[in-house]
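Notes for the one structure printed next.
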2 protein chains.
Amino acid sequence: MARKQGSHSDISGPKIRKAALRLFAQKGFAAVSMRELATEVGVQAGALYNYTSDKQTLLFDLMRAHMEEVLSAWSAHPPEVAPLDQLDAFSRFHINFHFDRAHEIFVAYMELRNLTPQNFQALEALRRQYETELEVILISGQKSGVFQVKDTRVTARAVSAMLTGINTWYRDGKTLSRPEIVEMYVDMVRGIAGVRV
Amino acid sequence: MARKQGSHSDISGPKIRKAALRLFAQKGFAAVSMRELATEVGVQAGALYNYTSDKQTLLFDLMRAHMEEVLSAWSAHPPEVAPLDQLDAFSRFHINFHFDRAHEIFVAYMELRNLTPQNFQALEALRRQYETELEVILISGQKSGVFQVKDTRVTARAVSAMLTGINTWYRDGKTLSRPEIVEMYVDMVRGIAGVRV
DNA sequence: GTCTATAATCAGATAGAC
DNA sequence: GTCTATCTGATTATAGAC
């Protein structure tokens, strides 16, 4: 024990990413120093640079990994046929996926302004790709007449903002359970989409 | 001209607040230095401390001023009787009020984590006060049966997130005008509240 | 009220020993 | 791969002249 040196690439990598996500989410990217992150992980500051070329790249890699996981998970989701079922499935997927990724979603939506222009463009492309998944659903329901939507792009953004907003206040173990939250939001998303009640 | 010294309390104060809001919104509180802010205003860094005791207080004062303005403006709003009219009025008020305060709303909702615990508590009280204004409307409409709402607190948060989200993407002069945005969101808020179409 | 100058600390990133 | 040590520059905030 008390080993001060040695190779830990198999455990330090995940520890760094996990600690960085938590610290960036809680204090903000600019407010977290590499020294603080290193202390949290249990290494010296210099050791972090074996895992990332610089602080900016660390942030970008975390954000990109999150968006790619979202897109991948949604792609692997069982498909629905009817637009209304698709919309409900999207709501449930989004909420459940982010319940256990509070830090990820916080960083992904709050630290966009701390990305370099190039990294911002790359991440914005992924974000738009995800938003388009929702917009496609809205368009199909709009065509079939089951949704009353004036502008699918604006509606997709409104739905996204509402769903993502859950993570700014919901904490487990309070008065409401996760399934209760999910079903309430499924209903409210239907309302935004103009589904006749 | 080219006056390097002298008294400017009447103009430096507002200039500092305006520049701080813009910089904090664009780059984040932690990423903006007092030197950068001073340069933006056109003074030296030390001169800023004639207007604020420290950087934290500057942030808090900006956020508190914004929330108090929101509450004050909503209080001065002409009252409506019917819950549906109240809800529409709230949607219109919130959107229009924040159209010209993009920086303020960005700072107010993104920099909460950079407040000291004491300042956070104070601001959270104001934020909750505003949210309660909306919840009261939802409760009255719930009682009268014009709204189909399961949980007024959750619904108020959902509406807030959706309305506030406008400022993350809307810019003037694009395809959509402000009144168009307002009316679309008024409809979507009705949908969240379960108003039968 | 603003300036210049400075104190005291901390930032990101690197070099070389092990 | 991690450590210690360090470089270079930036940070908040203050002191005293004008």
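Rounded to whole angstrom, the span from the OH atom of A/Y51 across to the C1' atom of D/dT2 amounts to 8 Å. In this structure, CG of A/L48 is placed 11 Å from C1' of D/dT2, rounded to the nearest angstrom. Rounded to whole angstrom, the span from the CD atom of A/E36 across to the C1' atom of C/dT9 amounts to 15 Å. Rounded to an integer number of Å, the gap from CG of A/N50 to P of C/dT14 is 12 Å. We find that CG of B/L37 is positioned 16 Å from C1' of D/dA10, with the value rounded to whole Å.
Aromatic ring orientation, B/H77 versus B/W74: parallel (interplanar angle below 30°, classes split at 30° and 60°). Using cut-offs of 30° and 60° on the angle between ring planes, the pair B/F29 and B/F24 is perpendicular.
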Grab the N/O contacts between the protein and nucleotides 13-16 of chain D below 3.5 Å, and write none if there aren't any.
{"unit_1": "D/dA13", "atom_1": "OP2", "unit_2": "B/Y49", "atom_2": "OH", "d": "3.1"}
{"unit_1": "D/dA13", "atom_1": "OP2", "unit_2": "B/K55", "atom_2": "N", "d": "3.1"}

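Legend: residues meeting ring pair (Phe, Tyr, Trp, His ring centres under 6.0 Å) with A/Y49, ordered by chain and number and at least two apart, are absent. Partners of A/Y170 by ring pair (Phe, Tyr, Trp, His ring centres under 6.0 Å), not counting sequence neighbours, listed by chain and number: A/F99.
Contacts of A/V32 with the nucleic acid, taken as non-hydrogen atoms under 4.0 Å apart, involve only primed sugar atoms and P, OP1 or OP2.
Because its NZ or CZ atom is not both nearer than 6.0 Å to the ring centre of A/Y130 and within 45° of the ring axis, A/R128 does not count as a cation-pi partner of that residue.
Between A/Q44 and D/dT4, a side-chain N or O to OP1/OP2 separation shorter than 4.0 Å is present. Under 4.0 angstrom from either OP1 or OP2 of C/dC10 there lies no side-chain N or O belonging to A/S33. Note on A/S12: a side-chain N or O is less than 4.0 Å away from OP1 or OP2 of D/dT2.
Considering every non-hydrogen atom in both A/L37 and A/A20, the closest pair reads CD1-N, 3.5 Å.
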